[in-house]
Chemist: 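Okay, here's the structure, questions in a sec.
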Amino acid sequence: ITKMLRKTSLQVDNEELDDVWRALSDYIDENLDTKLTLSLLASKCFYNPSYFSRTFKEKFGMTLTEYINRKRVASASKLLLESDMSVDEISERVGFSDRSSFYHTFSKIMGTTPSEYRGKNPLNVKISDK
């Protein structure tokens, strides 16, 4: 009976934890343009930063910084294809502090610069508001 209770309790805890991680992921998506720090995100989950960092890496298979950068680059990629915003505007909109870090991070993740990505992609069509 004790084993069954523990297993049931762990399942509830895991479900609650999954909800916390899902909410955190949603929060990151909605706030890419702001400064997202380990301390801030850990406090949102009521964890100390060290524990949060370890647990985050176990859950997502990458560090918090890598995760945020990947989310920002994915958002930037979409904007590069669907808008005529300048690369600098996109960089700022997705939360990079400066152009250099945006270019470096984008190139590292995508294997090409933002300008080259936009120029090479045949889907580069401006969305109209018609």
Chemist: Could you tell me which non-hydrogen atom of T105 sits nearest to which non-hydrogen atom of V73, and how far apart they are?
Modeler: CG2-CG2, 4.0 Å
Chemist: Taking the side chain as C-beta and beyond, is there a heavy-atom pair between T34 and L40 under 4.5 Å?
Modeler: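 SC-SC contact between T34 and L40 ruled out.
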Chemist: Do L41 and T37 have side chains that get closer than 4.5 Å, going by heavy atoms?
Modeler: no
Chemist: Which atom names give the shortest non-hydrogen contact between D98 and S91, and what distance separates them?
Modeler: O-OG, 3.9 Å
Chemist: Just how far is it from atom CG of L36 to atom NZ of K44, taken to the nearest 0.5 Å?
Modeler: 10.0 Å
Chemist: Could you pull out all residues at least two apart from E89 that satisfy side-chain hydrogen bond (donor to acceptor under 3.5 Å, both in side chains)?
Modeler: S86
Chemist: Between I90 and S83, what is the shortest heavy-atom contact and its length?
Modeler: CD1-OG, 4.2 Å
Chemist: Could you state the interatomic distance from CD1 (I68) to NZ (K71), rounded to the nearest 0.5 Å?
Modeler: 10.5 Å
Chemist: Would a 4.5 Å heavy-atom cut-off, applied to side chains only, mark Y103 and F96 as touching?
Modeler: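 Not in contact.
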Chemist: Working to the nearest 0.5 Å, report the span between CE of M110 and CG of L80.
Modeler: 9.0 Å
Chemist: Any side-chain to backbone donor/acceptor pair from E30 onto Y27? Under 3.5 Å, distance only.
Modeler: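 Between the backbone of Y27 and the side chain of E30 there is no qualifying donor-acceptor contact (under 3.5 Å).
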Chemist: Can you check whether F52 reaches S43 side chain to side chain, under 4.5 Å on heavy atoms?
Modeler: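 Answer no - side chains too far apart.
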Chemist: Please report the closest heavy-atom contact between L64 and F56, naming both atoms and the distance.
Modeler: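 That closest heavy-atom pairing would be CA-CE2, 3.6 Å.
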Chemist: Are V87 and F102 side-chain neighbours, meaning at least one heavy-atom pair lies under 4.5 Å?
Modeler: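 SC-SC contact between V87 and F102 confirmed.
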Chemist: Quick one about T55 and E58 (side-chain donor to acceptor, distance below 3.5 Å, no hydrogens or angles considered), yes or no?
Modeler: no
Chemist: Might you work through the side chain to side chain donor-acceptor pair (under 3.5 Å) test for S25 and Y67, ending with a clear yes or no?
Modeler: CA-CA 9 Å; S25 181; Y67 183 85; 2.6 Å; yes
Chemist: Which atoms form the tightest heavy-atom contact between R118 and L79, and what is the distance?
Modeler: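 For R118 and L79, the tightest heavy-atom pair comes out as NH2-O, 3.8 Å.
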Chemist: Taking 4.0 angstrom as the limit, do D33 and R93 come out as a salt bridge?
Modeler: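 Salt bridge absent between D33 and R93.
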Chemist: Would you name the heavy atoms of A42 and P49 that are closest together and state the gap between them?
Modeler: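 Heavy-atom minimum between the residues: CB-CA, 3.8 Å.
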Chemist: Does any non-hydrogen side-chain atom of K120 lie less than 4.5 Å from one of T112?
Modeler: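 Result yes, sub-4.5 Å side-chain heavy-atom pair found.
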Chemist: Could you measure the distance from the CD1 atom of I109 to the NE2 atom of H104? Nearest 0.5 Å is fine.
Modeler: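 Rounded to the nearest 0.5 Å, the CD1-NE2 separation comes out at 9.5 Å.
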Chemist: Heavy atoms, side chains only, cut-off 4.5 Å: are M62 and R70 in contact?
Modeler: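 Side chain of M62 against side chain of R70, heavy atoms only: contact under 4.5 Å found.
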Chemist: Just wondering, do L38 and S53 contact through their side chains at under 4.5 Å, heavy atoms?
Modeler: yes
